[in-house]
Amino acid sequence: MTTLLELKEKLVRFYGKYEVYITPIVKFIVAFAALMTIDRNIGYMELVSSTPVALILGLLCAILPVGGTIFIAAVVILADMYALSIEVCLVALLLFVLIYFIYFRFAPRQGMGVLLTPICFRLNIPYVIPVGMGLLEEAYSVFAVICGTVVYFFLDGVRQNEKLLGSAAEESAEANSKIVVALNQLLGNKEMYLVLGIMAVTLIIVYLIRRMSIANAWQIAIASGILFETIGLIAGYMLLGISGKTVSVLVGNVISLLIAFVIQFLFFNLDYSRTERLQFEDDEYYYYVKAVPKAVVSGTNKQVKRFSGKDEKERLTKKRFAEEMDIDEELLD
């Protein structure tokens with residue numbers, strides 16, 4: 001444990017020293033991963049769906065606010081939807097307008113949550129998002145998770161129905177049917193509603209528990225959130241008659257549990273064995289304070305001075321003594 005704490009302190013100092021470089025790199029990695037996820041799943045427009053374009057846009061996103069990255073990702077998605085079908089593009093535009101008002105009204109600073117949610121869905125570990133957001137952010141970050149989840153299920157539904165949606169619309173009735181199919185990916189997707197509900201409740205559970213003044217609050221919050229997600233999703237899939245999800249839910253939640261404990265170690269590692277309870281008062285109130293110290297290992301800087309021999313050591317000692325006594329060093333010979 002001591003080694004891990006020392007490593008953590010080194011990472012904190014390293015980040016504090018090079019934050020101006022690390023932050024753009026992280027933003028680039030997230031943006032590039034988001035754009036590559038789009039390209040690999042719905043890359044219908046070849047002009048924008050390529051690795052070099054994703055690299056260029058990722059570099060641009062590294063110097064933009066996170067909201068700029070969301071805007072660029074939305075434009076790329078709309079271009080792909082337009083290449084597939086103009087009807088689907090209109091539905092996607094309507095969806096993004098709705099998300100725009102929800103995101104900027106309730107969670108304008110939670111852009112990373114919006115971007116990371118679809119990425120984690122593709123990695124089969126979306127369950128870590130509500131747990132991580134509940135640990136690190138406020139309760140309103142649930143809106144960021146909702147926005148990212150809705151976008152993922154919409155794009156996944158379009159991908160699964162791309163042959164139907166991509167066929168040429170010769171009559172207005174067929175065009176209307178495409179709009180119905182595209183809207184059905186949002187309005188008629190029972191799995192999306194199940195996942196949205198479970199993830200939103202999980203985030204609130206984790207947020208409320210980690211704010212309690214109880215020992216090991218973060219560990220209890222993580223375990224409670226992961227347990228609720230696992231049981232809720234498996235039971236929900238069984239009720240909806242969706243098969244083949246149990247193994248992926250179990251594996252994804254186990255991986256999410258490990259990631260969540262890494263987050264807890266990095267951001268909220270306390271030493272409950274040294275808990276102190278303080279009591280003091282002023283003219284109007286009595287105060288009862290529970291203080292739990294962080295688990296920190298401070299490194300010590302050791303300075304070692306080496307001397308080449310006895311004569312040099314003796315000379316240095318005489319010189320220092322002469323300076324302190326304000327006398328001539330030759331008088332000491």
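Positions are given from 1 along the sequence.
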* To do: Check the pair Val131 / Ser256 against side chain to side chain contact (heavy atoms under 4.5 Å, CB included), numbers first and verdict last.
  => CA-CA 8 Å; Val131 177; Ser256 300; over 6 Å; no

* Asked: If you round to the nearest 0.5 Å, how far is CE of Met212 from CH2 of Trp218?
  -> 15.0 Å

* **Main-chain N/O of Ala221 paired with Ser224 side-chain donor or acceptor, under 3.5 Å** => no

* State the CD-CZ distance between Gln110 and Phe143, to the nearest 0.5 angstrom. => 11.5 Å

* According to a 4.5 Å side-chain heavy-atom criterion applied to Ile, Leu, Val, Met, Phe, Trp and Tyr, with indirect links allowed, do Ile214 and Ile204 form part of one hydrophobic cluster? -> yes

* **Smallest separation among heavy atoms of Leu35 and Ala73, with atom names** => CD2-CA, 4.3 Å

* Under 30°, 30 to 60°, or over 60°: which ring-plane class applies to Phe121 and Phe153, parallel, tilted or perpendicular? -> perpendicular

* To do: Check whether more than 12 heavy atoms from other residues, nucleotides or ligands sit under 6.0 Å from atom OH of Tyr100, and answer yes or no.
  => no

* Asked: Rounded to the nearest 0.5 Å, what separation is found between the CG atom of Leu64 and the CG atom of Leu59?
  -> 11.0 Å

* To do: Begin from the C-alpha positions of Tyr285 and Asp282 and carry the test side chain to side chain contact (heavy atoms under 4.5 Å, CB included) through to its verdict.
  => CA-CA 6 Å; Tyr285 294 97; Asp282 59 15; 3.7 Å; yes

* **Greater than 12 external heavy atoms within 6.0 Å of Arg159's CZ** => yes

* To do: Determine whether more than 12 heavy atoms belonging to other residues, nucleotides or ligands lie under 6.0 Å from atom OH of Tyr287.
  => yes

* Minimum-distance pair of heavy atoms, taken over all atoms of Ala54 and Asp39 -> CB-OD2, 3.9 Å

* Asked: Only one of Leu60, Thr23, Thr69, Leu55 clears side chain to side chain contact (heavy atoms under 4.5 Å, CB included) with Phe28; which?
  -> Leu55

* Asked: Where the side chain of Asn41 meets the backbone of Thr37, is there a donor-acceptor pair that is under 3.5 Å apart?
  -> yes

* Ile42 side chain reached by Ile77 side chain, heavy atoms, under 4.5 Å -> yes

* **Derivation and outcome, side chain to side chain contact (heavy atoms under 4.5 Å, CB included), residues Ile146 and Ile102** => CA-CA 9 Å; Ile146 289 173; Ile102 294 176; 5.9 Å; no

* Hey, is the main chain of Val66 close enough, under 3.5 Å, to the side chain of Lys27 for a donor-acceptor pair? -> no

* Asked: Would Val91 and Ile86 show up in the same hydrophobic cluster when neighbours are defined by side-chain heavy atoms closer than 4.5 Å?
  -> yes

* Structure fact -> Value for OG1 (Thr117) from CD1 (Ile129), rounded to nearest 0.5 Å, stands at 4.5 Å

* Asked: Do the side chain of Ser141 and the main chain of Glu138 share a donor and acceptor less than 3.5 angstrom apart?
  -> yes

* Are there more than 12 heavy atoms of other residues, nucleotides or ligands under 6.0 Å from atom CD1 of Ile22? -> yes

* Measure the shortest side-chain to side-chain distance between Val30 and Met112 over non-hydrogen atoms and say whether it is less than 4.5 angstrom. => yes

* To do: Go through the steps to decide whether Arg40 and Thr51 satisfy the test side chain to side chain contact (heavy atoms under 4.5 Å, CB included), and finish with yes or no.
  => CA-CA 10 Å; Arg40 293 294 178 267; Thr51 302; 3.4 Å; yes

* Asked: Ignoring hydrogens and geometry, is there a side-chain-to-backbone donor-acceptor pair from Asn184 to Val180 under 3.5 Å?
  -> no

* Structure fact -> Taking every heavy atom of Ala34 against every heavy atom of Ile119, the minimum-distance pair comes out as N-CD1, 3.6 Å

* **Nearest heavy-atom neighbours spanning Gly225 and Val206** => CA-CG2, 3.8 Å

* Measuring from Ile234:CD1 to Ile242:CD1, what's the distance to the nearest 0.5 Å? -> 13.0 Å

* Asked: Quick one: are Gln219 and Phe261 in side-chain contact, heavy atoms under 4.5 Å?
  -> yes

* If you look at every heavy atom in Ala79 and Val48, which pair is closest and at what distance? -> CB-CG2, 4.2 Å

* With side chains defined as the heavy atoms from C-beta onward, is the minimum distance between Tyr207 and Val142 less than 4.5 Å? -> no

* Asked: Do the side chains of Leu186 and Val97 join up, straight or via other hydrophobic residues, at under 4.5 Å, putting them in one cluster?
  -> yes

* **Tyr127 vs Leu257 side-chain heavy atoms within contact, under 4.5 Å** => no

* Structure fact -> Smallest heavy-atom separation, Asn161 atom then Gly157 atom, equals ND2-O, 2.7 Å

* Do Leu136 and Phe267 come close enough that some side-chain heavy atom pair is under 4.5 Å? -> yes

* To do: Flag yes if more than 12 heavy atoms outside Tyr82 fall under 6.0 Å of its OH atom; otherwise flag no.
  => no

* Asked: Does one hydrophobic cluster hold both Val247 and Leu227, with members joined at side-chain heavy-atom distances below 4.5 Å?
  -> no

* Please answer: with hydrophobic residues joined when any side-chain heavy atoms are less than 4.5 Å apart, are Ile222 and Val251 in the same cluster? => yes

* Roughly how far, to the nearest 0.5 Å, is the CE atom of Met36 from the OG atom of Ser50? -> 8.5 Å

* Is there a donor-acceptor pair under 3.5 Å between the side chain of Tyr193 and the backbone N or O of Leu187? -> yes

* Asked: In this structure, are over 12 heavy atoms from other groups packed under 6.0 Å from Glu46 atom CD?
  -> no

* State, yes or no, whether a side-chain contact exists between Leu98 and Val150 at a heavy-atom distance under 4.5 Å. => no

* Pairwise side-chain contact, Tyr237 with Leu194, heavy-atom cut-off 4.5 Å (strictly under) -> yes

* Geometric class of the Tyr21/Tyr18 ring pair [parallel <30°, tilted 30-60°, perpendicular >60°] -> tilted

